[in-house]
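Everything below concerns the one structure shown next.
Worth saying up front: this structure is predicted, and the values here are computed from it rather than measured.
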Amino acid sequence: MRTAEVADEIRVEDGGRRVVVIAGRVCLPVSAGVTDDQALTLARAGTTAWHLLRTCAHMRPDESIVVHDAMSEVGAIAVQLARGFAAGRVIATESTQARRRQAVRLGADVAVDSGRDGLTARLVAANEGEQVDVALDPGGALTSSLDALAPFGRVVCYGPDQDESVRLTGLLSGSRAIIGFRFDDTLDQPGMVARAVSELFGLTSAGRLRPMADS
């Protein structure tokens with residue numbers, strides 16, 4: 001099997017038979033020390049987590065970060081990145097005690113039950129009684145997250161099940177923001193995937209990031 005670049009294409013051929021043709025602009029080299037499973041996880045889930053924190057939330061050092069569904073592919077990477085980006089406090093939410101323990105082992109300062117009843121109070125308590133700065137929500141926790149936000153806080157929504165309505169006054173009070181993110185939109189913006197993946201591959205090669213590949 002061999003790989004060849006032709007014009008703006010990369011062709012992978014086997015014995016003269018074309019197997020696949022890929023646009024060169026969407027191909028990225030895999031760093032040494034990064035496995036195929038890790039590369040696949042980082043290309044989508046890792047890029048999503050990176051942009052949630054960097055591009056959407058504009059995370060600043062010492063800010064408190066809530067990562068809902070922390071042991072999902074995206075969530076697990078977001079927990080580790082938030083810690084590496086010098087978050088003041090990383091708060092994970094998960095549905096079981098075992099998954100909450102895993103989130104803490106990955107780098108969360110504390111993990112709380114993700115059940116909706118009383119979630120806002122648990123988030124504030126987990127942040128030592130203070131409202132939180134950023135929450136990453138794949139779906140279902142928008143109202144609880146918004147109610148837990150400090151002034152100028154941000155909720156970044158990135159899952160398909162965002163069906164909650166929010167009153168505008170909930171945003172105006174405290175100058176809070178709700179930001180949406182969809183991975184597919186990064187593919188139309190030159191460099192957005194490459195910038196994220198380059199840093200993610202470097203962190204993984206250095207042993208500072210452990211992507212968790214889903215089956």
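Considering all non-hydrogen atoms of both residues, Ala126 and Val112 come closest at CB-CG1, 3.8 Å. Between Arg99 and Ser72, the closest heavy-atom pair is NH2-N, 4.1 Å. Between His51 and Ala196, the shortest heavy-atom contact is NE2-CB, 4.1 Å. Considering every non-hydrogen atom in both Glu94 and Asp69, the closest pair reads OE2-OD1, 3.3 Å. The two residues Ala76 and Met212 come nearest to each other via the heavy atoms CB-SD, 3.7 Å. Residues Ala194 and Leu28 come closest through the heavy atom pair CB-CD2, 3.8 Å.
Using a 4.0 Å cut-off between a side-chain N of Lys or Arg and a carboxylate O of Asp or Glu, Asp184 and Arg44 qualify as a salt bridge.
A continuous path of hydrophobic side-chain contacts links Phe181 to Phe85 [ILVMFWY only; heavy atoms under 4.5 Å]. Note: the hydrophobic cluster containing Ile91 does not contain Val104 (ILVMFWY, side chain heavy atoms under 4.5 Å, direct or indirect links). Clustering ILVMFWY residues whenever any of their side-chain heavy atoms sit less than 4.5 angstrom apart, transitively, puts Leu81 in a cluster other than the one holding Leu40.
In summary, the side chains of Ser145 and His68 do present a donor paired with an acceptor at a separation below 3.5 Å, with no hydrogens or angles considered.
The backbone N or O of Ser64 lies less than 3.5 Å from no partner atom in the side chain of Arg89, so there is not a single donor-acceptor pair.
Annotation: the span from Leu53 atom CG to Thr48 atom OG1 amounts to 11.0 Å, rounded to 0.5 Å.
Under the rule for a side-chain hydrogen bond (donor to acceptor under 3.5 Å, both in side chains), the partners of Arg60 that lie at least two apart in sequence or sit in another chain are Glu63.
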